[in-house]
**Student:** 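Pasting in a structure now, in structure tokens, and then I'll have a few things to ask.
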Amino acid sequence: MTGEFDLIRRFFSRPTPHAVLGVGDDCALLQPTMGTLLAVSTDTLVAGVHFFADADPDLLGWKSLAVNLSDLAAMGAMPRWVTLALTIPGLDEAWLAAYAEGLYRCAAQHGISLVGGDTTRGGLSITLTVIGEVPVDGALRRDQARAGDTVWVSGCLGDAAFALAAMQGEVQLDDAELETLSARLHAPMPRVALGMALRQAAHGAIDISDGMLADLGHILARSGVGAVLDYDRLPVSDIVQRQAAHPLFDRCVLAGGDDYELCFTAPPDAEPAIQAIGERLGLRLTAIGSIRAAAGLQLLDARGQDMPVAITGYEHFGAR
Ligand code: ADP
Ligand code: MG
């Protein structure tokens with residue numbers, strides 16, 4: 001791409017305090033911390049699939065990094081370095097400046113350095129690879145849930161899905177409600193501090209990107225266990241609670257994507273430690289059920305009766 005070097009220099013060459021060598025050479029040079037494992041994750045966002053092509057580039061900059069940081073959070077890893085493979089249709093300086101601004105704002109807030117990448121011309125597509133560090137034996141893996149564990153979830157469920165439903169005209173929200181829920185959809189807050197704090201207390205963890213049931217389902221499958229959840233304990237915001245009678249309510253809360261909260265399991269005696277973490281971080285942490293040895297996911301209503309779990313999460317290549 002003509003002007004590629006100029007573009008990289010102008011928009012993607014801010015200081016990289018945590019790298020031995022950052023943007024500009026054939027490779028970045030990184031010094032891992034003794035006693036840690038590297039946690040590496042890649043996510044691609046494609047225009048028209050994961051975001052609207054005319055999406056606010058500043059928010060896109062934030063979100064494209066935030067969803068990757070959410071994977072580090074779900075592993076209990078500390079964010080360290082990120083690379084950016086950017087495919088853009090043309091050299092739109094205003095777009096690039098705003099995208100970089102959002103990306104670097106999220107990076108600064110989470111102490112991660114952009115150390116390299118690639119820039120090509122084509123349909124708008126954004127791929128980030130994040131690298132974090134986690135103490136040996138400290139990672140929160142999906143295969144570590146055990147029968148008897150309590151199932152926890154951070155924050156609230158369904159905010160992002162209701163924001164999307166409102167944008168598509170399927171739900172009526174007032175302006176203040178829409179603004180609050182839209183922020184949850186467009187500027188998710190990765191639960192990095194929570195993931196790191198849970199290293200000692202939790203067994204298995206995952207971030208909720210495809211919907212709570214689907215993502216908890218990954219923990220259950222990988223750990224070879226099942227779960228019983230109490231429908232009444234699922235945490236929802238006041239705004240979503242006001243939509244309790246809406247036909248989309250269950251789908252948004254149980255299977256809505258894009259919340260980027262953490263779902264994790266921990267032994268029952270870890271409850272005081274987990275409550276203390278929630279208070280320290282000012283983050284709602286809710287026990288929603290428990291892990292059992294028998295496979296499957298059972299949802300109980302307020303009277304302890306079985307509820308059908310027909311709703312599954314979003315799958316890119318599967319049926320909804
Ligand atoms: P090469 O041809 O060796 O792959 P490039 O011309 O692709 O090098 O990139 C030059 C330098 O700029 C490299 O250090 C690379 O990591 C960095 N870089 C390229 N694109 C980006 C980007 N979008 N964001 C951050 N760094 C980038
Ligand atoms: Mg290159």
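Atoms within a ligand are numbered from 1 in the order they appear, just like the ligands themselves. In this chain, residues are counted from 1 in sequence order.
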**Student:** Just one of T87, T44, T42, D43 clears the side-chain hydrogen bond (donor to acceptor under 3.5 Å, both in side chains) bar with T127, so which one?
**Tutor:**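 Exactly one option meets the side-chain hydrogen bond (donor to acceptor under 3.5 Å, both in side chains) with T127, and it is T44.
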
**Student:** Can you check whether G24 has an N/O within less than 3.5 Å of an N/O in ligand 1?
**Tutor:**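 There is such a contact, yes.
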
**Student:** Kindly write out the residues that satisfy salt bridge (Lys or Arg N to Asp or Glu O under 4.0 Å) with E179, not counting sequence neighbours, or none if the list is empty.
**Tutor:** none

**Student:** So, regarding L86 and ligand 1 (criterion: nitrogen or oxygen to nitrogen or oxygen, under 3.5 Å), is there a contact or not?
**Tutor:**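 In fact, backbone or side chain, L86 has no N or O that close.
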
**Student:** What do we get for T83 next to ligand 1 when only non-hydrogen atoms under 4.0 Å count, side chain, backbone, both or neither?
**Tutor:**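 The answer is neither; T83 stays 4.0 Å or more away.
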
**Student:** Record the part of T119 in heavy-atom contact with ligand 1 below 4.0 Å; permitted values are side chain, backbone, both and neither.
**Tutor:**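 It is both parts that get close, each with some atom under 4.0 Å.
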
**Student:** Out of all atoms in ligand 1, which are within 4.0 Å of some heavy atom of F5? Include the element for each.
**Tutor:**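 So the answer, numbered in order with elements, is 6 (O).
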
**Student:** Around atom CZ of R14, are there more than 12 heavy atoms from other residues, nucleotides or ligands closer than 6.0 Å?
**Tutor:**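 More than 12 heavy atoms, drawn from other residues, nucleotides or ligands, come within 6.0 Å of this atom.
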
**Student:** Let me confirm one number: the CE-CD distance from M189 to Q109, rounded to the nearest 0.5 Å.
**Tutor:**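 If we round to the nearest 0.5 Å, M189:CE and Q109:CD are 5.0 Å apart.
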
**Student:** Of all the atoms in ligand 1, which lie at a distance below 4.0 Å from a heavy atom belonging to D25?
**Tutor:**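 Taking each heavy atom of D25 in turn, ligand 1 has 13 (C), 14 (O) under 4.0 Å.
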
**Student:** List in chain and number order the residues that pass ring pair (Phe, Tyr, Trp, His ring centres under 6.0 Å) with Y99, two or more places apart in sequence or in another chain; answer none if no residue qualifies.
**Tutor:** W95

